[in-house]
Amino acid sequence: MHQSYKIVFLFLICLAWNLSKSTAQQAINPIIHADVPDASMIRVGDAYYMSSTAMHVNPGVPIMKSKDLVNWELVSYAYETLGESDDLRLEHDKNMYGKGSWASSLRYHEGKYYVSTFSGNTGRTYIFSTEDIENGPWKQQSFRPSLHDHTLLFDDGKVYMIWGGGEIKIIELESDLSGIKPNTERVLIKNAHEPIEGDIMLPAEGSQIFKVNGKYYLFNIAWPRGGMRTVIVHKADKLFGPYEGRVALQDLGVAQGGLIDTPGGDWFAYLFRDNGAVGRIPYLVPVSWENDWPVLGVDGKVPMQLDLPANKSLIPNIVSSDDFKRKKGEPALPLVWQWNHNPVDKLWAINGKNGKLTLKTDRVDQSILTARNTLTQRTIGPESMGTVKIEVSRMKDGDWAGLSLLQKDYGLISVRQIKGQKQLVMQRSEDRHEIDVESLPFTGESVLLRAVCDFSERKDEAIFFYSIDNGKSWKQLGDTLKMKYTLPHFMGYRFGLFYYSTSQPGGQVDFHYFQITDQVKL
């Protein structure tokens with residue numbers, strides 16, 4: 001090869017290598033490929049904190065921490081349960097699916113952290129406060145009514161909440177946050193989705209307000225009919241307006257969130273995207289400023305690569321395997337676990353020495369959707385696989401125990417006992433009908449069960465496997481679960497460890513471990 005060609009060739013190799021290295025060191029959207037919707041974010045020093053929606057799982061209002069805006073870890077929850085009513089406890093045919101607590105607002109003010117939320121079940125607005133966001137304890141206050149998609153604002157010695165749908169309102173809170181100051185409610189923006197031309201399917205909601213350089217910026221989303229979720233920003237020189245609004249971003253349906261800055265002075269918008277069965281997943285969008293307006297995106301688009309540190313695995317900081325072994329002083333359950341509805345404490349236990357989770361029953365249920373003490377973790381994308389080992393020797397007739405992918409149209413693989421005989425069953429729900437897809441006799445005392453999820457390019461499919469030789473070989477049971485994100489549950493699919501009785505309560509099962517991986521090899 002001629003010497004000049006060699007130089008060019010080597011230059012191109014180095015350029016390609018540097019480009020690939022640069023890309024590998026950049027963050028990739030989505031920053032979290034899992035159900036973390038309705039985020040609210042703050043920065044305190046060089047630490048970022050984010051709260052998210054809990055819905056019907058407990059403990060509620062997850063708090064996450066990051067040092068780089070990209071890689072997050074669970075550090076706390078604002079509450080254990082919202083209360084003890086029938087719908088929160090899954091009793092008397094009542095539930096809080098799709099309700100529970102929704103979009104939260106996270107703030108830091110004069111050395112204290114505040115996170116507020118609201119609930120359609122209780123009809124109340126909640127404010128939780130602490131001096132230590134990572135360790136608590138949290139103080140709870142609540143009042144009526146439930147202020148939908150509100151944002152909390154500390155401003156000039158007063159405390160406000162802004163909320164609403166279409167028509168955005170503002171109220172002032174009592175100085176001790178115990179309730180609403182009388183006669184302070186007023187309309188802030190009459191028609192917040194007016195900047196969008198055409199018919200509106202979802203009026204402006206998801207309010208988040210920010211004060212930057214003395215000006216007020218109110219973020220909302222709206223959904224034009226036949227279009228996509230759209231970010232709207234209103235700006236004002238004074239809190240009570242007048243406000244001027246404009247469309248700030250309309251790309252890929254990435255919307256709802258707010259502003260965050262870095263210690264170095266860079267700005268981003270944190271938003272989320274509806275992404276099928278895995279749920280609503282967070283994105284970061286760079287922000288520049290022009291004439292005191294935040295300009296979202298790059299040429300109006302959401303970039304897939306960001307000039308931020310590269311994404312690491314969501315394991316173990318967002319989801320994690322668990323062998324149920326505990327050292328002295330460790331909590332019974334790591335933060336990655338949440339119960340479906342309120343747990344019944346007398347019916348579950350962790351044996352930290354032997355490494356097992358024991359579930360018991362004391363009543364009859366007919367479906368996993370009504371069963372209490374289903375222990376859940378998020379599924380993650382683009383692929384994830386959950387595996388459990390379960391001991392079933394003390395089950396009773398009519399009992400079901402196993403591993404589920406929990407949503408309204410759920411799928412599960414289970415051990416079922418009928419007339420003293422056990423079966424392995426793959427079941428799924430379609431349009432409120434439960435279908436036993438396949439079952440076969442099972443005579444062992446323990447079995448490994450597995451669920452494999454494929455969310456890549458919104459494929460949203462899952463298949464179930466079992467092993468009776470301690471994982472040496474695996475066999476598929478049943479068919480493919482076509483996962484669907486449904487509004488009655490309003491949450492991405494979750495792995496769930498479950499046990500319920502349909503005829504004779506009083507049995508028990510032991511889960512010896514749960515393993516999760518994002519590297520699926522079948």
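Predicted model only: the values in this text are computed from it and were never measured.
Every side chain to side chain donor-acceptor pair (under 3.5 Å) that T230 has, sequence neighbours left out, goes to Q250. Evaluation of the side chain to side chain donor-acceptor pair (under 3.5 Å) rule for T81 yields no partner, not counting sequence neighbours. H234 meets the side chain to side chain donor-acceptor pair (under 3.5 Å) test with no other residue; sequence neighbours excluded.
No side-chain N or O of Y77 forms a donor-acceptor pair with one of N58 less than 3.5 Å apart. Looking at Q208 and Y217, their side chains never bring a donor and an acceptor atom within 3.5 Å of each other. No side-chain N or O of S384 forms a donor-acceptor pair with one of R378 less than 3.5 Å apart. Looking only at atom types and distance, the side chain of W163 has no donor-acceptor partner in the side chain of T125 under 3.5 Å away. With hydrogens and angles left out, the side-chain atoms of S456 and E383 include no donor and acceptor closer than 3.5 Å. Checked by atom type, the side-chain pair E430/Y410 shows no donor-acceptor distance below 3.5 Å. A donor atom on one side chain and an acceptor atom on the other are found under 3.5 Å apart for Y216 and D155. Side chain to side chain, S101 and Y79 meet the donor-acceptor criterion of an N or O pair below 3.5 Å. Residues S207 and N220 bring a donor and an acceptor atom of their side chains to less than 3.5 Å of each other.
In this structure, S52 OG and D38 CG are separated by 6.5 Å, a value rounded to the nearest 0.5 Å. Between the OH atom in Y49 and the CH2 atom in W72 there is a gap of 10.0 Å [rounded to 0.5 Å]. L147 contributes atom CG, which lies 5.5 Å from atom CD1 of I171 (distance to the nearest 0.5 angstrom). Note: M426 CE to I435 CD1 = 9.0 Å, rounded to the nearest 0.5 Å. Between the CG atom of L306 and the CZ atom of F268 there is a distance of 6.0 Å, given to the nearest 0.5 Å. The CD atom of Q26 sits 6.0 Å away from the CG atom of D307 when rounded to the nearest 0.5 Å.
Note on R428 versus D479: salt bridge recorded, some NZ/NE/NH1/NH2 to OD/OE distance being below 4.0 Å. Taking the charged nitrogens against the carboxylate oxygens, E73 and K65 have no contact shorter than 4.0 Å, which rules out a salt bridge. Ionic pairing of K190 and E167 is present here: one or more N-O contacts between side-chain nitrogen and carboxylate oxygen are shorter than 4.0 angstrom. Looking at R494 and D35, no side-chain N of the basic residue comes within less than 4.0 Å of a carboxylate O on the acidic one, giving no salt bridge. Between K67 and D46 there is a salt bridge, since a side-chain N of the basic residue sits under 4.0 Å from a carboxylate O of the acidic one. Under a 4.0 Å N-O distance rule, the pair D454/K459 qualifies as a salt bridge. Of the charged side-chain nitrogens involved, at least one lies within less than 4.0 Å of a carboxylate oxygen, so that D274 and R229 count as a salt-bridged pair.
Here the closest non-hydrogen pair linking I232 and A222 is CD1-CB, 3.8 Å. Residue S51 comes nearest to I63 through the heavy atom pair CB-CD1, 3.8 Å, listed as atom of the first residue, atom of the second, then distance. When all heavy atoms of N121 and G100 are compared, the pair lying nearest together is OD1-N, 2.6 Å. For the residue pair Y283 and V254, the shortest heavy atom distance occurs at CB-CG1, 3.9 Å. The two atoms that bring F490 and Q407 nearest to each other are N-NE2, 4.2 Å, heavy atoms only. Taking all atoms of both residues into account, the shortest heavy-atom contact from I221 to A255 is CG2-CB, 3.6 Å.
Judged by the 6.0 Å distance and 45° axis criteria, R280 is positioned over the aromatic ring of F272.
E461 places no side-chain N or O within donor-acceptor distance of the main-chain N or O of L481, the cut-off being under 3.5 Å. Side-chain N or O atoms of R43 include one that pairs as donor or acceptor with a backbone N or O of D261 at under 3.5 Å. Panel note: side chain D68, backbone P309; no donor-acceptor pair is recorded below 3.5 Å. A donor-acceptor pair under 3.5 Å links the side-chain atoms of T130 to the main chain of P137, judged by distance alone. Of the possible donor and acceptor atoms, none in the side chain of D199 sits under 3.5 Å from a partner among the backbone N and O of R225. A donor-acceptor distance shorter than 3.5 angstrom exists from the side chain of T376 to the backbone of Q338, with no hydrogens or angles considered. At distances below 3.5 Å, at least one donor-acceptor pair connects side-chain atoms of S40 with backbone N or O atoms of L106.
Taking the six-membered ring where the residue is Trp, W289 and W267 present perpendicular rings, their angle passing 60° and hence far from 30°.
Side-chain rings of F219 and F210 approach one another, their centers coming within less than 6.0 Å.
Among L188, I209, L173, I170, the one residue that satisfies the side chain to side chain contact (heavy atoms under 4.5 Å, CB included) test with Y160 is I170. Partner H33 forms a side chain to side chain contact (heavy atoms under 4.5 Å, CB included) with one of I380, I318, V278, D518 and no other, that one being V278.
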